[in-house]
Number of protein chains: 2
Amino acid sequence: MANIQQIARKAGVSVATVSRVLNNANLVTPQTRSKVESAIKELNYEPSMLGRNLRNSESRLMLVLLPSISNPFYNEIINGIQNTAIANNYNILLCETDSKAERENIYLNMIKNKLADGVISMDPTINMEKLNELAENHPVILCSEYEEGGSIPYITTDSELAAYQAVKYLIQLGNEKIALINSDEKFLYARLRRAGYERALKEFNLPIRDQWIYHTKDLEFQDGVQAMRMLLQLEERPQAVFAVSDTLAIGALKALNSGVQAFESIAVVGFDNISFSNMTNPTLTTVSQPMYKMGCLAANMLMSSIKGEKVENIVLDHELIIRESTMG
Amino acid sequence: MANIQQIARKAGVSVATVSRVLNNANLVTPQTRSKVESAIKELNYEPSMLGRNLRNSESRLMLVLLPSISNPFYNEIINGIQNTAIANNYNILLCETDSKAERENIYLNMIKNKLADGVISMDPTINMEKLNELAENHPVILCSEYEEGGSIPYITTDSELAAYQAVKYLIQLGNEKIALINSDEKFLYARLRRAGYERALKEFNLPIRDQWIYHTKDLEFQDGVQAMRMLLQLEERPQAVFAVSDTLAIGALKALNSGVQAFESIAVVGFDNISFSNMTNPTLTTVSQPMYKMGCLAANMLMSSIKGEKVENIVLDHELIIRESTMG
DNA sequence: CTGAAAGCGCTAACAT
DNA sequence: ATGTTAGCGCTTTCAG
């Protein structure tokens, strides 16, 4: 592998000039430029990012933290981040924390170690104390999950409103007994979606029953299956279910399909509009967030932050996608 | 941000000693070590990977190329790669090519630029010519998709055999008219799975009908839906379907569910055992590959290759997982 | 417009 | 056991 010195020697110029050509500085004569360019071609030279990065003290890498890569909710967001990053000469380091503090530490250290220039966290389980500390000296953006009243810039959607609208839709369909399949309420989004659920019920003077609110351990399909099974065993069965994620909702559909059959149909609404939600039987009514856009904007926010600019929080719009699971 | 010099000064030692402490060289007295360690703590020092990487001329990053992050087939493989990488002080740069040559180039350049130490490619659409050229001077491993008779080390499973066994199973269930939903046969796995399909049919003297072999454009759910719709429109309908991926098979199930109803049931077998395959209605019979293990081993192969060791190809075992979609 | 030279932060001979 | 020093490959002042 040739280095910049060898190019300089071959082209009969100084390394500074080679560097200028490499970086498209416009203060190089066309002649010198072409001399350098042919030397580069001849020696098959590729500039080393290692040297450049040290010199510029940047890695042009952004860390993207998420709890699990297998949650399809994150796919489109990641796409958005990645495309935006690449367009700006950045790359992303996708990191799964598995919701483990140990992993999280490794990754956050990569920022301190200058292996990455900043971080976009989509991990609701992240230790906010540590993240806040990191954010004092390094660029950090929260995407989707955020901290109420915190100081780290975030981009998100209005979970409370979306949940409110979803449940209101179920009510307007004629349902009065509406269950909530929620995840752990240690997560902000879970608290917000519950709040939206309750707001809708209250508005229509419907009872909020503890037994209709089920908390799952995780966000896997299987958790949704289990939740629905429990709800079906109640003496007073709900007529409709709002699940705070599509994976849970799809699990609920599964339990409805296989566990019981041919009785009063139970409407189901999910949240996220993952691609599989359109492949289930019945297809799933769900809340869609502009995930790709969210990813793009999150990346932009991070790059601004890296440049030292101040960035504002963003709240994006959502949309209720009506499909078969609420069609009776 | 403190650097190694400041630590050295603060601790009253040389930078070399600090470096030794950092790298756990055991030729440092406990006393000096603790002096250094307290200086590190006091100044809140974190060693810069930028300097270390340049010095060691390594990035400790491995590139992982895949066509699309939203294909759930890759999830467990990536998990395996990532866990193995982290355990060995590596990190992974997950790169989606979107099957675009332009993207591919950017990523392969990252290797030449020393931004990554090697690459694991899982992208069937990759330009093998370029990859081979890269492999002459850089560590490259193929995972899942490989090149027959090529010189790049690979890890994979026996697609032909797996397909043969899956189709044989359908035959033994009493099916005689068996369709194949294949992807583009420019991909090796597609050719191999077709070969296995044909071998099984031939062995049982069953006809191979062109109209029962459908080629999809992509591997999305929607391609499977479309394929199944076509097959259902045939005068002579197949009794069973083997799809070369779960996403296609799930699309096929969808078409069976919604398009037609209450007639002779059509058995469906998929390939990959993605997590959704257990959530469909009916659940999907499919071929399971040890994806996590494949990822771990691929990472190990790459690390060996980076060390300059010779690595052998690996062919892992698969397994047919029987579920409801073939239960009549 | 181009070159000389310093230096980014670190590791590893080599010397003591 | 510890220190001195060169240098990884690059960019960027500063001179000319």
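Throughout, protein chains are lettered first and strands after them, A, B, ... in sequence-line order, and every chain is numbered starting at 1.
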Quiz item: Looking across every strand, which nucleic acid part, if any, lies under 4.0 Å from A/Val13 by heavy atom: base, sugar-phosphate, or nothing?
Solution: sugar-phosphate

Exercise. Report which part of the nucleic acid A/Leu54 touches: base, sugar-phosphate, or nothing (heavy-atom distance under 4.0 Å, all strands).
Key: base

Quiz item: Of all heavy-atom pairs between B/Ala85 and B/Ile92, which one has the smallest distance, and what is that distance?
Solution: CB-CG2, 3.9 Å

Self-check item: Any B/Thr32 side-chain nitrogen or oxygen under 4.0 Å from OP1 or OP2 of D/dA1
Solution: no

Quiz item: Below 3.5 Å, does any donor atom in the side chain of A/Arg20 face an acceptor in the base of C/dG3, or the other way round?
Solution: yes

Practice problem: Could you check which of D/dG9, C/dC10, D/dT11 has an atom nearest any side-chain atom of B/Asn3? | Solution: C/dC10

Quiz item: What is the distance, rounded to the nearest whole Å, between atom CD of A/Glu46 and atom P of D/dC10?
Solution: 11 Å

Quiz item: Roughly, in whole Å, what's the span from CZ in A/Arg9 to P in D/dG9?
Solution: 12 Å

Quiz item: Which part of the nucleic acid does A/Ile4 contact within heavy-atom distance under 4.0 Å: base, sugar-phosphate only, or nothing?
Solution: base

Quiz item: So what does B/Ser48 touch, heavy atoms closer than 4.0 Å: a base, only the sugar-phosphate, or nothing?
Solution: sugar-phosphate

Self-check item: For atom CG of B/Asn23 and atom P of C/dA13, their distance in whole Å
Solution: 13 Å

Quiz item: Is it the case that more than 12 heavy atoms not belonging to B/Glu309 sit under 6.0 Å from its CD atom?
Solution: yes

Exercise. Give the rounded distance in Å between these two atoms: CG of B/Asn53 and P of D/dC10.
Key: 15 Å

Quiz item: Just to confirm, is there a sub-4.0 Å distance from OP1 or OP2 of C/dT11 to any side-chain nitrogen or oxygen of B/Arg52?
Solution: yes

Quiz prompt | Rounded distance in Å - CD1 (B/Ile7) to P (C/dC10) | solution = 9 Å

Quiz prompt | side-chain contact (heavy atoms from CB on, under 4.5 Å) partner of B/Leu219, the single match among B/Pro67, B/Ser183, B/Ser68 | solution = B/Ser183

Quiz prompt | Length of the line joining B/Leu50:CG and C/dT11:P, which is rounded to integer Å | solution = 12 Å

Quiz prompt | side-chain N/O B/Ser14 vs D/dG3 OP1/OP2, d < 4.0 Å | solution = yes

Self-check item: Gap between atoms CD and C1', on B/Gln5 and D/dG7 respectively (whole Å)
Solution: 14 Å

